[in-house]
Amino acid sequence: MPFSRIAGTGGYLPPQIVTNQDLERLVDTTDDWIVERTGIRQRHIAKAECASDLALPAAQRALEMAGRRADEVDLIVMGTSTPDLVFPSTACRLQHKLGISQCAALDVNAACSGFVYALSVADSFIRSGTYQCVLVVGSEVMSRLMDWSDRTTCVLFGDGAGAMLLEASTEPGIFSTHIHSDAAYEELLYVSGGVSCAVDPAAQHGAFLRMKGNEVFRFAVNTLGRIVDETLEANGMRREDIDWLVPHQANIRIIQATARKLRLPMENVVLTVERHGNTSSASIPLALDEAVRDGRIRRGDNILMEAFGGGFTWGSALARF
Ligand code: COA
């Protein structure tokens, strides 16, 4: 059975930066509060770009690193909860922007766990022998879901895209992926409007992300601790075998709790939350790409990726780079 090997990574952030000081002028908040509670100092915000626009340069960079042409891609899997349109899917629109046709393209919506879910789908297609070259992308324009008068959410999120080019290989690659969901906690984290359903009156004025942050926080810390154990156990590995934690970047305190669980020093945790904020399904591939390009993550290193998000959804992937 073939494995998926990470042949290339890429990332892209829209150029406009919004600092905590900028947000102090918008809502009743302070730089100190945001930094102390979340670790975030700034975030990138898209202007007119949509998710497929951000995804394009990220995908091109991943292809370039892998030494692959776009027309060699068999499948595009896009993690996004801020799609360009309901359909065509954002993956289809990315395919067109890449100048290719024919290959399969689909979106996966698992909120902030979107990239881990997309990776799991991509890995399964490669392991089954169906496809040999798969582009996995996480791209989000979270700023479009923000209620810019709600200080409890608008300070947390940012926009961006990250990509990974997977190819079939006789060696791992991806050791395993683990994905879960539980919708019993919907009221703690949701978007207020959609297409066939609107769950609160605010939906009449647009779709906004709503969150009871402190309750989500507690649930996320416990759940991510459990998934670390599940992932290590599934692979017969010990904590010491992990070289790098590449976590979803929602909050520095959640990340520190997972690192403590792994007994991993923070130098071995890839952090972008300070500069990117929470870019939802883009955050893991953006962080991975940064650490690969600056030489921290090297071939042969073991990487644990994990995420938690609306749904609730959560998941992990263990890989050798
Ligand atoms: N600026 C200043 N004060 C703020 C604020 C802001 N931007 N947002 C909230 N507050 C206030 C609250 O109103 C509350 O005030 P009160 O005590 O007078 O009621 C106080 O700060 C504490 O709020 P609380 O929500 O308990 O803070 P917290 O320590 O839990 O931090 C989060 C809030 C959102 C940063 C944190 O809970 C978090 O990161 N949660 C997880 C979020 C997450 O990961 N979501 C996505 C999953 S992918």
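As the structure lists them, so they are numbered: ligands from 1, and atoms in each ligand from 1.
Under the 4.0 angstrom criterion for non-hydrogen atoms, R253 is in contact with ligand 1. Under the 4.0 angstrom criterion for non-hydrogen atoms, H248 is in contact with ligand 1. Heavy-atom separations between L23 and ligand 1 are all 4.0 Å or longer.
In summary, the side chains of N251 and T38 do not present any donor paired with an acceptor at a separation below 3.5 Å, with no hydrogens or angles considered. Judged purely by distance below 3.5 Å, without hydrogens or angles, the side chains of T279 and E140 never pair a donor atom with an acceptor atom. N109 and S81 share no donor-acceptor pair across their side chains, judged by distance under 3.5 Å alone.
Ligand-side atoms of ligand 1 in range of T29: 1 (N), 2 (C), 6 (C), 7 (N), range being under 4.0 angstrom from any heavy atom. For ligand 1, the atoms sitting less than 4.0 Å from at least one non-hydrogen atom of N251 are 35 (C), 36 (C), 38 (C), 39 (O), numbered in the order shown with element in parentheses. Every atom of ligand 1 is numbered from 1 in the order shown, and the set under 4.0 Å from a heavy atom of C112 is 48 (S). Atoms of ligand 1 found under 4.0 Å from any heavy atom of I254 (numbered from 1 in listed order, with element): 44 (O). Every atom of ligand 1 with a heavy atom of N278 under 4.0 Å away is listed here by number and element: 46 (C), 48 (S).
By the criterion of a heavy-atom distance under 4.0 Å, both the backbone and the side chain of T152 are placed next to ligand 1. Contacts between V27 and ligand 1, counted as non-hydrogen atom pairs separated by less than 4.0 Å, are absent for every part of the residue. Residue N214 touches ligand 1 through backbone and side chain together, judged by heavy-atom distances below 4.0 Å. Contacts between I34 and ligand 1 below 4.0 angstrom, taking non-hydrogen atoms only, are absent altogether.
Around the CD atom of E64, the shell of radius 6.0 Å holds no more than 12 heavy atoms that belong to other residues, nucleotides or ligands.
For R37, a nitrogen or oxygen atom sits less than 3.5 Å from a nitrogen or oxygen atom of ligand 1, counting backbone and side chain alike. Considering backbone and side-chain atoms together, R151 places an N or O closer than 3.5 Å to an N or O of ligand 1. Looking at ligand 1, you won't find any N or O of V216 less than 3.5 Å from one of its N or O atoms.
A continuous path of Ile, Leu, Val, Met, Phe, Trp and Tyr side chains, each step under 4.5 Å between heavy atoms, connects M305 with V134, placing both in one hydrophobic cluster.
A salt bridge does not link E187 with R210: every distance from a Lys NZ or Arg NE/NH1/NH2 to an Asp or Glu carboxylate oxygen is 4.0 Å or more.
Aromatic ring pairs are classed by plane angle as parallel below 30°, tilted from 30° to 60° and perpendicular above 60°; the pair F219 and F312 is tilted.
Through direct or indirect side-chain contacts shorter than 4.5 Å among Ile, Leu, Val, Met, Phe, Trp and Tyr, V73 is connected to L56, L63, I76, M78, L94, L98, I100, L135, V137, L165.
Looking only at protein heavy atoms, the nearest one to atom 35 (C) of ligand 1 is T38 CG2, 3.4 Å. Residue, atom and distance of the protein heavy atom nearest to atom 33 (C) of ligand 1 are W33 CH2, 3.8 Å.
Within the set F308, F217, F312, the minimum heavy-atom distance to atom 47 (C) of ligand 1 is found for F308.
Side chain of R5 to main chain of G173: no donor-acceptor pair is present (N/O by atom type, distance under 3.5 Å, no hydrogens or angles). Distance alone, capped at 3.5 Å, places no donor-acceptor pair between the T177 side chain and the S120 backbone.
Using a 4.0 Å threshold on non-hydrogen atoms, atom 18 (O) of ligand 1 does not count as touching the protein.
By the 6.0 Å and 45° rule, R298 does not stack over the aromatic ring of F321.
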